[in-house]
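Have a look at the structure below before the remarks.
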Amino acid sequence: MKAYIFDNSPGDQRLPHDSGRAVSINELNKLGVLFLYLPEMDDVDKLAAERGYKNRDEITISPAAMGAVYKDKVKTFFDEHLHEDEEIRYIRGGQGYFDIRSKEDDWIRIKLEKDDLLILPAGIYHRFTTDESNYMHAIRLFKDEPKWTALNRAGCASLGSIKCDLVEAMYN
Ligand code: KMT
Ligand code: NI
């Protein structure tokens with residue numbers, strides 16, 4: 001795991017975009033974002049039970065696993081959005097970046113790789129991309145039934161006062 005302020009330069013989202021400003025785990029914790037390095041699946045199971053997680057699925061994000069839709073999927077994951085439940089991502093292989101919004105509305109980029117586990121609080125704006133290796137294998141843990149609904153920020157903003165949950169994009 002490595003976290004830093006995203007450099008906001010245009011160009012391929014899968015490049016590091018490292019501004020050189022590091023972000024500490026403590027700063028992540030202040031935003032309600034928790035990070036754990038957990039090589040043992042047993043510990044993940046314990047954590048999930050303690051936090052009341054009932055469901056999980058496994059996803060491989062790669063051209064080999066997804067075929068022609070890979071590009072679109074990665075584009076969709078990279079649209080700024082939030083979820084109504086806390087959720088856990090446990091990386092089993094490959095690498096990728098979760099970008100989350102700081103209090104100042106900067107992007108904090110979190111690089112995750114095998115055995116990294118990230119807990120995102122409910123309601124935090126984020127987006128995800130693979131890196132140049134175009135491969136991530138992850139377990140997604142959900143509190144209840146998997147909720148694929150992502151509330152897209154751009155959609156909400158453009159609708160002004162209309163309730164955000166009317167704008168839904170399927171994330172399955
Ligand atoms: C999300 O919520 O943005 C995702 O689940 C991205 C794919 S999981 C590595
Ligand atoms: Ni998401």
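Quick caveat, the model's predicted, so the values are computed rather than measured.
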Heavy-atom closest contact (Ser19 atom, Tyr4 atom, distance): N-CD1, 4.3 Å

Ignoring hydrogens and angles, state whether a donor on the side chain of Asp131 or Ser133 is under 3.5 Å from an acceptor on the partner side chain. yes

Just by distance, do the side chain of Lys73 and the backbone of Ser62 share a donor-acceptor pair under 3.5 Å? no

How long is the gap from CD on Gln13 to CZ on Phe78, to the nearest 0.5 Å? 4.5 Å

With sequence neighbours excluded, what pairs up with Tyr53 under the ring-ring contact (aromatic ring centres under 6.0 Å, His included) test? none

Could you state the interatomic distance from OG (Ser102) to NZ (Lys30), rounded to the nearest 0.5 Å? 12.5 Å

The test is side-chain contact (heavy atoms from CB on, under 4.5 Å); show your working for Asp99 and Phe128 and say whether it passes. CA-CA 6 Å; Asp99 294 341; Phe128 170 81; over 6 Å; no

Looking at every non-hydrogen atom in both residues, tell me the closest pair between Asn55 and Asp144 and how far apart they are. ND2-O, 2.5 Å

Minimum heavy-atom distance between His17 and Leu15, given as atom pair plus value: CD2-O, 3.1 Å

Taking every non-hydrogen atom, the tightest pair across Pro121 and Gly32: CD-O, 3.3 Å

Should Leu118 and Ile61 be regarded as members of a common hydrophobic cluster, given that ILVMFWY residues are connected when their side-chain heavy atoms come within less than 4.5 Å of each other, either directly or indirectly? yes

Could you go step by step and tell me if Arg101 and Asp106 meet the side-chain contact (heavy atoms from CB on, under 4.5 Å) rule? CA-CA 6 Å; Arg101 284 291 187 187; Asp106 290 321; 5.9 Å; no

If Ile, Leu, Val, Met, Phe, Trp and Tyr residues are connected whenever their side-chain heavy atoms lie under 4.5 Å apart, and connections chain through other members, are Ile5 and Leu31 in the same group? yes

Would you confirm whether His126, through its side chain, and His81, through its main-chain N or O, come within 3.5 Å as a donor-acceptor pair? yes

Does Val33 offer a backbone N or O that forms a donor-acceptor pair with the side chain of Asn29 under 3.5 Å? yes

salt_bridge(Arg92, Asp116) N-O dist < 4.0 Å: no

Backbone of Leu38 reached by a side-chain donor or acceptor of Tyr90 within 3.5 Å: yes

Please give me the minimum heavy-atom distance between Glu113 and Met1, naming the atom from each residue. OE2-N, 4.0 Å

When you check the side-chain N and O atoms of His137 and Glu58, is any donor under 3.5 Å from an acceptor? yes

Roughly how far, to the nearest 0.5 Å, is the CD1 atom of Ile124 from the CD1 atom of Ile119? 12.5 Å

In Å, rounded to the nearest 0.5 Å, how long is the span from CD of Glu87 to CG of Leu82? 10.0 Å

With side chains defined as the heavy atoms from C-beta onward, is the minimum distance between Arg14 and Asn134 less than 4.5 Å? yes

Report yes if the side chains of Thr129 and Phe98 come closer than 4.5 Å at any heavy-atom pair, otherwise no. no

Output, in order, the C-alpha distance, side-chain angles, deciding distance and verdict of side-chain contact (heavy atoms from CB on, under 4.5 Å) for Ile59 and Met66. CA-CA 10 Å; Ile59 185 170; Met66 291 179 159; 4.0 Å; yes

Verify the cluster assignment for Met136 and Leu120: are they in a single hydrophobic cluster under the rule of side-chain heavy atoms below 4.5 Å apart? yes

Do the side chains of Leu117 and Phe35 get nearer than 4.5 Å, heavy atoms only? no

Distance-only donor-acceptor check, side chains Thr130 and Tyr97, under 3.5 Å: no

Minimum side-chain heavy-atom gap Ile108-Leu28 below 4.5 Å: yes

Between Leu34 and Val44, is there a shared hydrophobic cluster once you connect ILVMFWY residues whose side-chain heavy atoms come closer than 4.5 Å? yes

When you look at Arg109 and Asp7, which way does the salt bridge (charged side-chain N to carboxylate O under 4.0 Å, His left out) test go after all the steps? CA-CA 9 Å; Arg109 176 153 279 201; Asp7 67 8; over 6 Å; no

Inspect the contact between Asp57 and Arg140 and indicate whether a charged nitrogen and a carboxylate oxygen are less than 4.0 angstrom apart. yes

Taking a hydrophobic cluster as the set of Ile, Leu, Val, Met, Phe, Trp and Tyr residues connected by side-chain heavy atoms closer than 4.5 Å, whether directly or through intermediates, do Leu36 and Leu112 fall within one such cluster? no

If you apply the rule side-chain contact (heavy atoms from CB on, under 4.5 Å), what do you find for Trp107 with Arg127, and how did you get there? CA-CA 9 Å; Trp107 282 117; Arg127 61 187 186 187; 3.4 Å; yes

Could you pull out the closest heavy-atom pair between Asp18 and Lys2, with the gap in Å? OD2-NZ, 3.2 Å

